[in-house]
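A short write-up of the structure that comes next.
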Amino acid sequence: MTTRSRATAPATTPTTVSWTGANARRLARQHLHPDATASPIATPGAAVASMLGAHAQVLSAAELSVGLRGDGLTRTDVRTALWTDRTLVKTFGPRGTVHLLPAADLPLWTGALSTVPTGTNPFSKDARMTPDQVEAVVSAVAEALTGAELTIDELSEEVVARTGPWAGDLVMPGFQTMWPRWRQVLHLAGHRGALVYAPNRGRKATYTNPGCTPLPGPGALAALIERYLRAYGPATSAHFARWLAAPKTWAAEQFAASAAAGAIEEVMFADVGPAWVVAGDTDFPASPVRGVRLLPYFDAFAIASQPRERLFPGAAYERALAGGQAGNFPVLLVDGTVAGVWHLRRSGRRIAVTVEPLEPLPPAGLRALEEQVERVAAIMEGTAELTVGPVTVGPHA
């Protein structure tokens with residue numbers, strides 16, 4: 001009897017990706033790096049899509065994030081897209097924080113975010129809600145906001161009326177007061193597509209029901225993983241989990257499912273090891289990034305780019321991060337990495353920008369910085385004034 005050995009296909013060697021290549025591609029895809037082959041971003045929606053949502057807890061910072069990626073976009077363009085054209089929505093996005101998202105993508109986002117496990121309940125036993133109570137509140141929010149724009153107090157009255165007095169129990173700590181029990185799932189109502197922000201009524205925020213039907217969760221999540229990897233890959237499932245504030249084990253399972261479906265492929269990422277990109281998306285620039293950029297508070301690029309210690313090298317890790325958390329400081333990028341912080345103060349049309357580099361900038365860098373400050377002022381519809389502060393070397397300098 002003759003036995004034959006089955007031929008096996010030779011193992012494919014994963015592509016090796018350098019930090020330089022990964023960083024350059026991320027910047028190019030977000031239109032933060034000159035790239036002659038990239039089409040200019042002409043709309044706020046396209047700018048927001050390129051970064052996978054603009055953090056909007058401070059709306060002026062979101063306006064600047066959008067404008068810096070666009071071609072001639074201003075804060076008025078962002079506000080028009082948000083409140084008039086409704087091509088943007090303000091809602092609860094990644095990590096449960098307030099973001100601007102493209103309205104056209106809201107079914108995908110809500111479908112994907114609805115699948116994220118909630119994790120350990122951080123509230124005291126007396127403040128928690130049962131699963132049935134959570135569902136009742138989300139339904140009540142959706143009903144109350146259909147065809148209406150309500151302040152948080154008005155919405156609270158409607159939720160309690162539709163569910164029961166328990167929803168109004170003041171058991172939630174919040175800003176030197178206590179909030180009603182139901183407020184702990186406000187962001188979840190956003191993730192389910194039941195709630196987005198509406199225009200302010202005076203100084204008060206209002207909410208409405210966007211009439212969004214979330215896409216089926218598994219498909220939406222798989223699509224979000226691919227979008228994340230196109231914007232921020234190579235990345236690991238742990239990087240994705242951190243960006244989304246999701247359990248690491250769960251994220252690893254989702255990446256494994258995408259890999260099994262052939263949607264993503266593994267590469268070797270310098271200083272990280274095995275990481276993932278969208279299948280076939282393995283072309284990276286060979287040249288390093290050059291130039292100067294200013295990014296505002298909580299800019300998506302600074303938050304999502306990993307490994308963080310490469311984007312914030314040396315003294316930048318201490319000066320421009322808050323306990324390792326990105327976003328608390330507007331940052332100066334020099335040749336693609338964080339090289340300082342900056343501050344903006346507005347008085348009428350005057351936009352006073354103070355930049356604190358970690359090392360002195362050469363004359364060419366100062367000229368490029370002046371151009372960036374002029375661009376910031378144009379986006380914010382003001383007149384620029386630049387001050388280059390002292391070189392800073394530590395978190396308390």
Side-chain angles (χ1 to χ4, degrees), residues 9-39 41 49-53 69 94 221-244 246 248 251-293 295 299-314 316-317 320-321 324 326-327 331 333-339:
T12 302
T13 302
T15 300
T16 298
V17 182
S18 68
W19 161 255
T20 296
N23 194 44
R25 192 173 84 169
R26 292 167 181 170
L27 286 163
R29 289 189 170 177
Q30 294 198 26
H31 294 254
L32 295 172
H33 171 47
D35 185 346
T37 65
S39 299
I41 288 181
S50 74
M51 63 179 122
L52 284 192
R69 290 164 171 82
L221 181 60
L224 183 61
I225 288 173
E226 291 185 39
R227 292 192 183 196
Y228 168 80
L229 290 177
R230 286 199 183 277
Y232 299 108
T236 66
S237 62
H239 293 154
F240 180 73
R242 185 172 187 177
W243 172 72
L244 207 54
K248 289 183 179 180
E253 292 170 352
Q254 310 315 309
F255 270 54
S258 290
I264 64 177
E265 68 176 270
E266 192 174 80
V267 296
M268 293 301 296
F269 187 18
D271 299 329
V272 173
W276 298 94
V277 296
V278 173
D281 190 28
T282 54
D283 289 335
F284 289 85
S287 301
V289 178
R290 298 299 180 200
V292 173
R293 292 288 182 273
L295 300 181
D299 188 84
F301 174 80
I303 289 175
S305 290
Q306 297 286 351
R308 189 160 285 167
E309 60 269 18
R310 291 302 303 266
L311 184 63
F312 294 79
Y317 199 90
L321 295 174
V331 295
L333 297 183
V334 176
D335 296 342
T337 59
V338 175

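Just so you know, these numbers use all the heavy atoms, side chains as well, and skip hydrogens, waters and symmetry mates.
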Answer yes or no: is there a side-chain heavy-atom contact under 4.5 Å between [X] and [Y]?
X: Val277; Y: Phe284; result: yes
X: Leu229; Y: Asp281; result: no
X: Leu27; Y: Arg293; result: no
X: Leu52; Y: Trp243; result: yes
X: Val338; Y: Leu333; result: yes
X: Thr282; Y: Glu265; result: yes

Heavy-atom closest contact ([X] atom, [Y] atom, distance):
X: Arg69; Y: Ser50; result: CD-OG, 3.9 Å
X: Ser18; Y: Ala270; result: CA-CB, 4.1 Å
X: Val289; Y: Ala24; result: CG2-CA, 3.4 Å
X: Leu311; Y: Ser305; result: CD2-CB, 3.8 Å
X: Phe269; Y: Ala275; result: CB-CB, 3.9 Å
X: Ser258; Y: Ile225; result: OG-CD1, 4.0 Å

> Can you tell me how far CZ of Arg290 sits from NE2 of His33, rounded to the nearest 0.5 angstrom?
Replying inline: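 It comes to 10.0 Å.
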>> How long is the straight-line distance from CZ of Arg29 back to NE2 of His31, given to the nearest 0.5 Å?
In response: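 Answer rounded to 0.5 Å: 10.5 Å.
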>> If the condition is salt bridge (charged side-chain N to carboxylate O under 4.0 Å, His left out), which residues does Arg26 pass it with, not counting sequence neighbours?
In response: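 Not a single residue meets the salt bridge (charged side-chain N to carboxylate O under 4.0 Å, His left out) criterion with Arg26.
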>> Could you work out, with salt bridge (charged side-chain N to carboxylate O under 4.0 Å, His left out) as the rule, every residue matching Asp271, not counting sequence neighbours?
In response: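 With neighbours one apart ignored, the set is Arg310.
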>> Go through it in stages, so that I can follow the logic: the residues are Phe312 and Val331, the test is side chain to side chain contact (heavy atoms under 4.5 Å, CB included), and I'd like the CA-CA distance, side-chain angles, deciding distance and then a yes or no.
In response: CA-CA 10 Å; Phe312 294 79; Val331 295; 4.1 Å; yes
I'd like a table of donor-acceptor pairs (distance under 3.5 Å, sequence neighbours excluded) in which one partner is a side-chain atom from residues 230-240, with atom names and distances.
| from | atom 1 | to | atom 2 | distance (Å) |
| --- | --- | --- | --- | --- |
| Tyr232 | OH | Gln30 | NE2 | 2.9 |
| Tyr232 | OH | Met51 | O | 2.9 |
| Thr236 | OG1 | Ala238 | N | 3.3 |
| Thr236 | OG1 | His239 | N | 3.1 |
| Thr236 | OG1 | His239 | ND1 | 3.4 |
| His239 | ND1 | Thr236 | N | 3.1 |

